[in-house]
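Single-structure report; data block below.
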Amino acid sequence: MGGVPSTPRWGGAAEMRPAETAEYLIGALVGEKSYPLASDYWQKLLESPLHLRWPAHRVLQASQLFAQNNCKTRHLAKILVHLAWCLQECVSASGVPSAALVRALNALYISSVFLKYFIENAKSDHFEELHLSLDENEAKPTSFSKGGGPGRFQVKIVYGILLAENYQTIEQLVMHSVLSFLGKVDVSTNTYLLHHELLNFMLIAMSTQLLSGPSPGPDDSHPLIDAMMVQESSFVSLVVSKLLLNYIRRPNFPIDSSSYSIFSEVNQTGVLQRVGSAAANFVLLPFNLFVGSTGEATRSPLAENSLNVLLILIHYRKCIETDYVKDRGDHSSEPLPKEDACFSENPYCKALENAQDIEFDRLDVEGNVQNGPLVRLPFASLFDTLGLYLADERSILLLYSMVQGNSAFLEYVLVRTDLDTLLMPMLETLYNASRRTSNQIYMVLIILLILSQDSSFNASIHKLMLPNVPWYQERLLHQTSLGSLMVIILIRTVKYNLSKLRDVYLHTNCLATLANMAPHVHRLSAYASQRLVSLFDMLARKYNKLAEMSNNKMHMPNGESKEEDNLPEDTTAELHIYTDFLRIVLEILNAILTYTLPRNPEVVYAIMHRQEVFQPFRNHPRFNELLENIFTVLDFFNSRMDAQKMDGEWSVEKVLQVIVINCRSWRGEGMKMFTQLRFTYEQESHPEEFFIPYVWQLVLSCSFSFNPNSINLFPVDLPLEKQDSFVGEDGQKLQSGGLNGLEQQVDVLA
């Protein structure tokens, strides 16, 4: 068909030029003739230099012809079996032989191109067109020969399609071999490229998720991912450890590429690299993306791909059939209700959650060393690497996964004395919110909320002084505590959200973090104190506007509804939300004045300077009890000011001096004690509906391409929204909304 030979001739192949040999072999692969698993054809295909320069239309023709004939030839299954054998040979050899590397790379390139085409153009829900099985009269692959020469495999002829004693399917055989190489073979000059392309292959194998809907169901089929999920726990731990170490160590592409035959002539791009920028949209990074014009490695694609694969693996969820599904019958077209969904355990997620610091042997609650396979990581190196790369949204997601799921790593982070390593990049991300995605902002805010749940964290951030904050442009911040900067940035985020995004979820998260910090505030800076009072003023003005609109709406005659038509239908709900927001801000001020007033004279000064903003709410039934303490403080310090005899006018310095002196004599008389407002983060009961699409959006945006017309996982042109919740100390939830989340109900602690 077209330029692809369907009836290749073997005669004279030995005298053919390399390009002609490759042309013939690829033509045979996609043609009608089926070559047995034990045929010498496979050795010739995998050992030949595949330097072809096919245009896009020929690549597409080859893929179409391969798909047409694969149901009979089963060549996709066979080349995957040979890929597995090549990888097993690489793992078993004392040193990875170059001939085995060439065969493995060729098998990878070929299978990746055609597998991706099959997935992007799948017509069946269970990917039957892959035909990942052998005919009943086909050979049963058992093992490869260690002494029969390169590429010589021992194949036992049996009836049936089972592959080996340990593998029930080709998918399991292949994915075990892929994961075995990644986990057991170290990254070196010789193996770097194979490691990288295996990660590319895994992305393709897992891309079946892109064809499913955002809510995993029992009918979803992901044969290759599911094969990864059934590996033994020790094996899984090894793979998770290696992926994280790749991310931490960030190995660069070896500059000396002479050992790779595919790079012997940089400008002679082979068909299986060329196809990446052609019809198949497949990412096989060319040499000039690994190495800059200066000849120095510019980045670490292996680290990036390792992170991509890890994030997809840990957030995968397999919905399994329950009694409810069986009872309703297999032909029901209704989606499975969320409350009836049941998911199998994800071993990669579990391995990450149980990862331990390599420096310590962690004890369980009974004092016994934990048995069984564990991922052991250098937490110090992971902490430092995350700090360097938090500008990358994927690194933020990894940090979230670690602090939310791994208690050992969270404890490690909380005892670090250099918390600015992680906090400064995240605060800078919030500062530049207008240039970041909403999901990136959400993840940063969740991480900050998780950290703020710890009292030692809230205390330590006020002890860490920053000489300057170069990226903060509004004013110079010299010798500002990390805690003060965090207050400033969180309040700035609330103000930005109020004017631009109007997202209740974002408001709630910022205020919840500030509320957790409040009882531990120590020497809050003047600027941060001013921002805190101005936050109340801003929310108060918004509240008054909504209250006025609501009152006008209630008292408007039936015949005069022109203004009413322009009012939002949820004005009452929005008014209730801002009432709760104002109460939280008053709770924050109360906590500072009740527990830490002597150590925060600047907060007292800011309240005295803007005391008029509190006056309109003094007798308000929803706020009066929370304002009693504020006016008690105002009365105390105003009376001390009035008692001072001053020649001339008051200056800021003189007022602050009086406040500092009287802070020493403050005893808190007349202050009403309130229960501390405390918020904790609780992941939504079905986080997969957010995280699976979110991870794939990140992967597609940076290092992987896919036919957008085939994507059902998320709207290609629309951003995803975050759904999560927060739980107050009494168990009340703060439900999150999307970018326009004002319609969501928010129940805040009263």
Side-chain angles (χ1 to χ4, degrees), residues 484 487-488 490-492 494-495 498 511 514-515 517-519 521-548 578-646 648-674 677:
S484 293
V487 170
I488 292 168
L490 287 172
I491 293 173
R492 187 179 187 273
V494 172
K495 290 188 174 184
L498 186 63
L511 295 178
L514 288 170
M517 295 169 60
V521 167
H522 183 83
R523 295 198 176 280
L524 196 66
S525 70
Y527 184 53
S529 302
Q530 295 165 17
R531 296 291 85 200
L532 190 56
V533 176
S534 70
L535 173 63
F536 177 84
D537 182 40
M538 178 191 67
L539 294 175
R541 285 186 276 111
K542 177 67 175 178
Y543 171 85
N544 288 331
K545 181 179 179 181
L546 290 169
E548 183 180 356
Y578 277 88
T579 301
D580 290 334
F581 286 163
L582 274 177
R583 286 184 60 85
I584 293 178
V585 176
L586 289 175
E587 291 266 18
I588 292 169
L589 291 171
N590 264 277
I592 296 174
L593 297 178
T594 301
Y595 300 104
T596 64
L597 185 148
R599 301 193 298 273
N600 289 285
E602 293 289 0
V603 176
V604 176
Y605 178 88
I607 291 174
M608 293 183 67
H609 182 65
R610 299 291 307 277
Q611 55 189 289
E612 73 280 356
V613 303
F614 301 101
Q615 194 64 42
F617 298 91
R618 187 168 191 173
N619 297 318
H620 195 291
R622 292 297 305 275
F623 308 115
N624 57 352
E625 62 175 354
L626 293 172
L627 282 164
E628 288 181 10
N629 284 344
I630 293 177
F631 281 103
T632 297
V633 172
L634 286 173
D635 292 343
F636 176 86
F637 284 95
N638 283 333
S639 65
R640 299 308 188 270
M641 293 287 296
D642 294 340
Q644 296 290 322
K645 295 181 179 180
M646 284 293 300
E649 296 183 356
W650 287 94
S651 65
V652 174
E653 291 77 14
K654 291 179 180 178
V655 173
L656 192 57
Q657 183 181 10
V658 172
I659 292 174
V660 171
I661 293 172
N662 285 280
C663 276
R664 299 169 188 165
S665 61
W666 169 260
R667 297 294 180 268
E669 297 176 357
M671 296 289 283
K672 183 181 296 185
M673 300 297 293
F674 293 97
L677 192 63

Any side-chain to backbone donor/acceptor pair from Asn624 onto Arg618? Under 3.5 Å, distance only. no
Classify the ring geometry between His620 and Phe617 as parallel (under 30°), tilted (30 to 60°) or perpendicular (over 60°). tilted
Using the salt bridge (Lys or Arg N to Asp or Glu O under 4.0 Å) criterion, which residues pair with Asp537? Sequence neighbours excluded. Arg541, Arg610
Could you walk me through whether Thr579 and Phe623 satisfy the side-chain contact (heavy atoms from CB on, under 4.5 Å) test, starting with their C-alpha distance in whole Å, then the side-chain angles of each, then the deciding distance to 0.1 Å, before giving a yes or no? CA-CA 9 Å; Thr579 301; Phe623 308 115; 3.8 Å; yes
Sub-4.5 Å side-chain heavy-atom contact between Met608 and Ile659: yes
Side chain to side chain contact (heavy atoms under 4.5 Å, CB included) partner of Leu677, the single match among Leu514, Asn590, Ile584: Ile584
Tyr578 OH to Lys545 NZ distance, which is reported to the nearest 0.5 Å: 10.5 Å
Indicate yes or no: at least one non-hydrogen side-chain atom of Glu625 is less than 4.5 angstrom from one of Arg583. yes
Show the nearest heavy-atom pair for residues Asn662 and Phe636, with the distance to one decimal. O-CE2, 3.9 Å
If you round to the nearest 0.5 Å, how far is CG of Leu539 from CG of Leu546? 10.5 Å
Can you measure from CG (Leu532) to CG (Leu589) and round to the nearest 0.5 angstrom? 4.5 Å
So, do Val494 and Phe581 sit near enough that their side-chain heavy atoms are less than 4.5 Å apart? no
Please determine whether the number of non-hydrogen atoms from other residues, nucleotides or ligands lying under 6.0 Å from atom CD of Glu612 exceeds 12. yes
For residues Leu490 and Met517, report the shortest heavy-atom separation together with the two atoms involved. CD1-SD, 4.2 Å
Test Leu593 against every option in Ile630, Asn629, Thr632 by the side chain to side chain contact (heavy atoms under 4.5 Å, CB included) rule and name the one that passes. Ile630
Heavy atoms of Ala606 and Gln530 approach each other most closely as CB-N, 4.0 Å
Distance col, row Arg640:CZ vs Asp635:CG, nearest 0.5 angstrom, shows 10.5 Å
Is the shortest heavy-atom distance from the side chain of Val487 to the side chain of Ser484 under 4.5 Å? no
If we only count heavy atoms from C-beta on, is the Phe637 to Val658 side-chain gap below 4.5 Å? no
Looking at every non-hydrogen atom in both residues, tell me the closest pair between Glu602 and Ala526 and how far apart they are. OE1-CB, 3.4 Å
Suppose we screen for salt bridge (Lys or Arg N to Asp or Glu O under 4.0 Å). Which residues come up paired with Arg492, at least two apart in sequence or across chains? Glu474
Test ring pair (Phe, Tyr, Trp, His ring centres under 6.0 Å) applied to Phe631 - qualifying residues, sequence neighbours left out: none
Closest approach of Pro601 and Leu656, non-hydrogen atoms and distance? O-CD1, 4.1 Å
Can you confirm whether more than 12 heavy atoms, excluding those of Asp642, are under 6.0 Å from its CG atom? yes
Using side-chain contact (heavy atoms from CB on, under 4.5 Å), reason through Val604 and Asn600 one step at a time and then give a plain yes or no. CA-CA 7 Å; Val604 176; Asn600 289 285; 6.0 Å; no
Tell me, do Met671 and Trp666 make a side-chain contact under 4.5 Å, heavy atoms counted? yes
Which atoms form the tightest heavy-atom contact between Leu511 and Ile588, and what is the distance? O-CD1, 4.0 Å
Would you say that Thr596 contacts Val603 through its side chain, given a criterion of any heavy-atom pair below 4.5 Å between the two side chains? no
Ring centroids only, cut at 6.0 angstrom: are Phe536 and Phe614 within range, meaning strictly under it? yes
OH on Tyr605 to CD on Gln657, rounded to 0.5 Å: 13.5 Å
Spacing of Leu498 atom CG and Lys542 atom NZ [to the nearest 0.5 Å]: 6.0 Å
Counting C-beta onward and ignoring hydrogens, is there a side-chain heavy-atom pair between Val533 and His609 closer than 4.5 Å? no
